[in-house]
Amino acid sequence: MEANELRPEGRTVTRADLAEAVYRELGLSRTESAAMVEMVLAEISDTIVSGETVKLSSFGSFVVRSKGQRVGRNPKTGKEVPIPPRRVTVFKPSNIMKQRINECLAPEEETGGAAISTGADAGNARRLKAAEADVATT
């Protein structure tokens, strides 16, 4: 059974949902499953906080970027306000994840299984083929 069959569209996956999935798949107790999810999330969080990149193969990477100081504007008053430098976390999905996300959007031809591309979709199809080639070579 696919994971998205279990959740209605637009629902947020929680720690409890992840722990339940571990419980179902691995047969650990619910307490052990919850502890395992917490350990994995804590390790990911600690690594990101230390400024390192977390790369999960076939999923994506969490990268820490530094942003310099800049001038912002209060939208209510229009007054300029300095925004201090800070670090932000950015998620970059892998090519495999991008392909999985977009699979449901591309109708397939009956014969070749390739996506039909016309007009503006032609550029997207070329980029998808290039991404597939990148995945195949890595």
Side-chain angles (χ1 to χ4, degrees):
M1 185 180 317
E2 297 255 341
N4 57 1
E5 292 175 12
L6 301 175
R7 293 183 304 278
E9 190 171 327
R11 185 174 179 287
T12 301
V13 177
T14 64
R15 290 172 187 242
D17 295 330
L18 295 173
E20 183 65 24
V22 170
Y23 166 75
R24 279 193 319 271
E25 293 294 321
L26 298 181
L28 299 174
S29 72
R30 282 193 162 88
T31 305
E32 291 171 324
S33 298
M36 181 177 284
V37 168
E38 289 300 322
M39 285 186 341
V40 169
L41 294 176
E43 184 66 28
I44 290 171
S45 296
D46 293 345
T47 303
I48 292 170
V49 166
S50 71
E52 297 178 57
T53 297
V54 174
K55 182 176 182 178
L56 303 172
S57 181
S58 300
F59 183 72
S61 300
F62 295 93
V63 180
V64 178
R65 291 196 179 144
S66 296
K67 290 191 163 195
Q69 183 171 343
R70 63 186 177 93
V71 177
R73 197 174 298 274
N74 182 332
K76 201 170 196 177
T77 64
K79 181 180 176 185
E80 289 187 353
V81 180
I83 299 173
R86 63 188 194 273
R87 295 189 317 168
V88 296
T89 303
V90 178
F91 177 72
K92 295 170 57 176
S94 71
N95 287 335
I96 293 170
M97 179 61 73
K98 289 178 192 176
Q99 182 179 0
R100 287 185 63 197
I101 291 168
N102 289 305
E103 276 177 355
C104 63
L105 298 177
E108 294 187 9
E109 294 177 350
E110 289 184 23
T111 55
I116 300 172
S117 58
T118 58
D121 290 337
N124 291 336
R126 283 192 299 275
R127 284 189 288 279
L128 180 60
K129 285 186 180 191
E132 289 171 347
D134 287 346
V135 170
T137 59
T138 57

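- Scanning all heavy atoms of the two residues, the minimum distance from Ser33 to Leu28 falls at OG-CB, 3.6 Å.
- For Arg65 (side chain) and Val88 (main-chain N/O), no donor-acceptor pair under 3.5 Å exists by modelled atom type.
- Across every non-hydrogen atom of Ser58 and Ser94, the tightest pair is C-OG, 3.3 Å.
- Here the NZ-CD1 distance, from Lys98 to Ile101, works out to 9.0 Å after rounding to the nearest 0.5 Å.
- A distance-only check finds a donor-acceptor pair linking the side chain of Arg87 to the backbone of Val49 [under 3.5 Å].
- Rounding to the nearest 0.5 Å gives a distance of 5.5 Å between OG1 of Thr47 and CD of Glu52.
- Sorted by first and then second residue, the pairs that involve residues 61-93 and meet ring pair (Phe, Tyr, Trp, His ring centres under 6.0 Å), not counting sequence neighbours, are Phe59-Phe91, Phe62-Phe91.
- In this structure, Met97 CE and Ser61 OG are separated by 11.5 Å, a value rounded to the nearest 0.5 Å.
- To the nearest 0.5 angstrom, Lys92 atom NZ is 9.5 Å from Lys55 atom NZ.
- Between Ile83 and Lys67, the closest side-chain pair of non-hydrogen atoms is not below 4.5 Å.
- Follow the hydrophobic side-chain contacts under 4.5 Å out from Val40 and you reach Ile48 in the same cluster.
- Of all heavy-atom pairs between Pro82 and Gln69, the closest is CB-NE2, 3.7 Å.
- Contact between Asp17 and Thr12 at its shortest, heavy atoms only, is OD2-O, 3.6 Å.
- No path of Ile, Leu, Val, Met, Phe, Trp and Tyr side chains, each step under 4.5 Å between heavy atoms, connects Val63 with Leu41, placing them in separate hydrophobic clusters.
- We find the CE-CG distance between Met36 and Leu26 to be 6.0 Å, quoted to the nearest 0.5 Å.
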